Amino acid sequence: MKHYLHLWSLSALLVLTGCATTSQDQPPLDTPVPASQTHTPSYPKGPLSPIGAANVKRGNVANLAVPDDLWDRIRRGFAMPDLQTDLVSNQEQWYASRPDYIQRMTQRSSKYMFHIVEELEKRGMPTELALLPYIESAYNPQAVSSAKAAGMWQFMPATGTYFDLKQNMFRDDRRDVLASTRAALDYLQKLYNMFGDWHLALAAYNWGEGSVGRAIARNQKQGLGTAYTDLNMPDETRNYVPKLQAVKNIIASPERFQAELPLIENHPYFQAVTLDRDIDTAQVAELAGVTMDELKSLNPSFNKPVIFKAGTPQVLLPWDNANVFRRNLQAHEKGQYASWTVWTVPSTMTVATAANTVGMSENDLRSVNNIPPRMMVKAGSTLMVPRSAAVKQDVSSHLADNAQIALTPEIVTRRTTVKAHKHDSVARVAQRYKLSASQVADWNDVGVKAAFKAGQQVVLYLPVRVGAESHASSNKHSNARGNNKANNAKKAPARSTATKPAPSKRSTATTKKKR
């Protein structure tokens, strides 16, 4: 009995301390111990030490306390070594002197932070990385840098493509909350595996892995250190980790910086709802009971008035509104949910022609497809157009994933007068300038089979390069000043104005070209 009491007491002590080890030869508690057997307990070497937070998080001891809010949960997951430099102090002062900026930035992050922290913990990554979008974009998923990086994780187009972020006329996954977070964490893990150091991984995220690798190689060649603080790097990258460290310090001790952090509940802000049909974004908002601004804040990759299920099979909605949407969607009458579809342009055409074909105004077609002025739509392009009653099919997955719009400058023409040659006819002039006989006849108010007298002024509309007008004008003046016998023998130079593509003489008023 004494053996049992001794063994139970020792076991309890070892469980409470979490530091002792037991002999592999020790029998289970329910196994009788022979009286003749001598038991030799095994004690840990050295004094017992208390269990710290790091041991609780990484060891076998579970933390039973639930974080009060998401900020507390983030603090518990801090795992990067702290950086203590003057640059960090400077960044702390910068943020601390702008409490309104911190308030706006942290408030904006409340919609996305829970999801990011969840993903970091699933991967066993430091929760400091949930603060990185503060540095990249101030947690604005619509942010676009001067270098064309987009989204709250600021992916460049090529890097986004490498990490499977689709970028087409319907959506840009660099702005998508789920897709861009997945890609960013994939990239950060890849960089950490390359450099074995989170500070260097972050430098590579900002500067590029090749640049950091070359900086390390240069220092190794010169016998210098290869830590983040040892490398020669651009000012932006040198301040990158100090900015993150400063934000980390503020989140860790907001009272020290007199910062007020908004309450972020330790609960998902949104749900992903699966779509089984194409549907207008306005109808999603209506059925879910949310505003369009709220819908766009959670789905910033949507850039069209319709969501095609083939390319975007789910939509993010606030937690409670997602259930409302599901119920209302089931109750909604069966039929067409999308009032928009896509149309593949069969041949290169003007926007006016395309608009007339699909029954839209030119301005509306330009607006919904972001077509700038003085551009034509090339064959094979995909345009967003109203969905007619005759079109019942949803957009295919091929179009939803690969649709693009290609544009080309409109053909600009200039009204030109030339002298007819001897025996010239409408057909011969048209052939000489690669025009149609009907155009030449219409511009000169004559029949298609008419003939011109030698020296007669013939009106033509000839194509010119866009932007070449001022150059042509200056050349004209230069030629006028430098005329010689050879120049006089040539045809008379073109006159009058540059216009839109070859108009009809009867419907076009011309103006003199500015000199």
Side-chain angles (χ1 to χ4, degrees), residues 111-112 115 141-142 150-152 155 160 164-183 268-344 358 360 364-365 367-371 381-389 391-405:
K111 297 179 180 181
Y112 321 110
H115 171 73
Q142 296 287 8
M152 63 183 177
F155 273 95
D164 299 323
L165 297 179
K166 295 185 184 302
Q167 302 157 63
N168 57 42
M169 66 177 291
F170 301 128
R171 72 183 195 271
D172 186 345
D173 282 350
R174 295 178 299 161
R175 296 184 173 92
D176 184 87
V177 176
L178 304 186
S180 67
T181 298
R182 184 267 310 159
Y269 183 89
F270 57 76
Q271 291 188 57
V273 178
T274 301
L275 301 175
D276 60 1
R277 57 176 63 86
D278 295 355
I279 187 169
D280 289 351
T281 53
Q283 191 167 48
V284 172
E286 180 182 354
L287 294 177
V290 299
T291 66
M292 284 298 295
D293 286 343
E294 177 74 0
L295 181 65
K296 289 180 179 178
S297 72
L298 291 176
N299 302 275
S301 64
F302 298 168
N303 54 25
K304 297 297 180 186
V306 65
I307 305 169
F308 298 125
K309 67 175 178 61
T312 309
Q314 62 183 16
V315 61
L316 302 185
L317 293 170
W319 187 267
D320 293 332
N321 296 88
N323 298 327
V324 173
F325 174 77
R326 291 190 184 98
R327 184 174 65 249
N328 289 341
L329 188 62
Q330 290 174 357
H332 198 279
E333 62 181 2
K334 294 182 179 180
Q336 180 177 301
Y337 285 77
S339 57
W340 295 88
T341 187
V342 294
W343 173 59
T344 302
V358 299
M360 293 180 70
D364 288 346
L365 186 63
S367 176
V368 76
N369 291 282
N370 299 321
I371 303 174
S381 294
T382 307
L383 295 180
M384 184 79 64
V385 299
R387 183 167 174 169
S388 65
V391 181
K392 295 295 184 183
Q393 297 83 5
D394 286 339
V395 172
S396 69
S397 59
H398 175 76
L399 272 179
D401 282 341
N402 300 289
Q404 298 287 345
I405 181 170

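Everything quoted here is computed from the prediction, not taken from an experiment.
- Partners of Thr382 under the side-chain hydrogen bond (donor to acceptor under 3.5 Å, both in side chains) rule, at least two apart in sequence or in another chain, do not exist in this structure.
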### Task
Would you please test Thr344 and Leu399 for side chain to side chain contact (heavy atoms under 4.5 Å, CB included) and show each step?
CA-CA 9 Å; Thr344 302; Leu399 272 179; 4.3 Å; yes

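- Not counting sequence neighbours, Asp164 has no partner by the side-chain hydrogen bond (donor to acceptor under 3.5 Å, both in side chains) test.
- Under the ring pair (Phe, Tyr, Trp, His ring centres under 6.0 Å) criterion, Trp319 pairs with His267, not counting sequence neighbours.
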### Task
List the steps and the verdict of side chain to side chain contact (heavy atoms under 4.5 Å, CB included) for Asp401 and Arg171.
CA-CA 9 Å; Asp401 282 341; Arg171 72 183 195 271; 3.8 Å; yes

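- Sorted by first and then second residue, the pairs that involve residues 283-300 and meet salt bridge (Lys or Arg N to Asp or Glu O under 4.0 Å), not counting sequence neighbours, are Lys111-Glu294.
- Using a 4.5 Å heavy-atom threshold, the side chains of Leu275 and Gln314 count as separate.
- Under the 3.5 Å distance criterion, the side-chain polar atoms of Asp364 are left unmatched by any main-chain donor or acceptor of Met360.
- In terms of modelled atom types and a separation under 3.5 Å, the side chain of Asn299 and the main chain of Leu316 share a donor-acceptor contact.
- In this structure Pro313 satisfies the side chain to side chain contact (heavy atoms under 4.5 Å, CB included) test with no other residue, sequence neighbours excluded.
- By the 4.5 Å heavy-atom criterion applied to side chains, Val284 and Phe325 are counted as neighbours.
- By the side-chain hydrogen bond (donor to acceptor under 3.5 Å, both in side chains) test, Lys309 is found to be paired with no residue, residues two or more places apart in sequence or in another chain being considered.
- Side-chain contact check for Gln271 versus Leu317: every heavy-atom pair is 4.5 Å or farther apart.
- The list of ring pair (Phe, Tyr, Trp, His ring centres under 6.0 Å) pairs with a residue in residues 280-316, not counting sequence neighbours, reads Phe170-Phe308.
- Residues forming a side chain to side chain contact (heavy atoms under 4.5 Å, CB included) with Asn370 (at least two apart in sequence, or on another chain): Lys304.
- No donor-acceptor pair under 3.5 Å is formed between the side chain of Asp280 and the backbone N or O of Val306.
- In terms of heavy atoms, Arg174 sits closest to Gln167 at NE-OE1, 3.4 Å.
- Considering only heavy atoms from C-beta on, Leu383 stays 4.5 Å or farther from Val358 through its side chain.
- Side-chain contact between Tyr112 and Ser297: present, with at least one pair of heavy atoms (C-beta onward) separated by less than 4.5 Å.
- In this view, Phe270 and His115 satisfy the ring pair (Phe, Tyr, Trp, His ring centres under 6.0 Å) rule, not counting sequence neighbours.
- Residues Gly311 and Ala400 share a closest heavy-atom pair of N-CB, 3.4 Å.
- Annotation: side chain to side chain contact (heavy atoms under 4.5 Å, CB included) contacts of Ser367 (sequence neighbours excluded): none.
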Cut-off 3.5 Å, no hydrogens considered: what does the side-chain donor-acceptor table look like for residues 175-183, sequence neighbours left out?
from: Arg175; atom 1: NE; to: Gln142; atom 2: OE1; distance (Å): 3.2
from: Arg175; atom 1: NH1; to: Asp172; atom 2: OD2; distance (Å): 3.1
from: Asp176; atom 1: OD2; to: Leu178; atom 2: N; distance (Å): 3.1
from: Asp176; atom 1: OD2; to: Ala179; atom 2: N; distance (Å): 2.7
from: Ser180; atom 1: OG; to: Asp176; atom 2: O; distance (Å): 2.5
from: Thr181; atom 1: OG1; to: Trp153; atom 2: NE1; distance (Å): 3.2
from: Thr181; atom 1: OG1; to: Val177; atom 2: O; distance (Å): 2.7
from: Arg182; atom 1: NH1; to: Phe163; atom 2: O; distance (Å): 2.8
from: Arg182; atom 1: NH2; to: Phe163; atom 2: O; distance (Å): 3.2

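- The side chain to side chain contact (heavy atoms under 4.5 Å, CB included) search around Asp320 returns none, not counting sequence neighbours.
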### Task
Could you check Thr281 against Met292 for side chain to side chain contact (heavy atoms under 4.5 Å, CB included), going step by step and ending with a plain yes or no?
CA-CA 8 Å; Thr281 53; Met292 284 298 295; 3.8 Å; yes

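- By the 4.5 Å heavy-atom criterion applied to side chains, Asp278 and Ile307 are not counted as neighbours.
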### Message
Please evaluate residues Leu287 and Arg326 with respect to the criterion side chain to side chain contact (heavy atoms under 4.5 Å, CB included), reporting the C-alpha separation (whole Å), side-chain torsions for both, the decisive distance (0.1 Å), and the verdict.
### Response
CA-CA 8 Å; Leu287 294 177; Arg326 291 190 184 98; over 6 Å; no

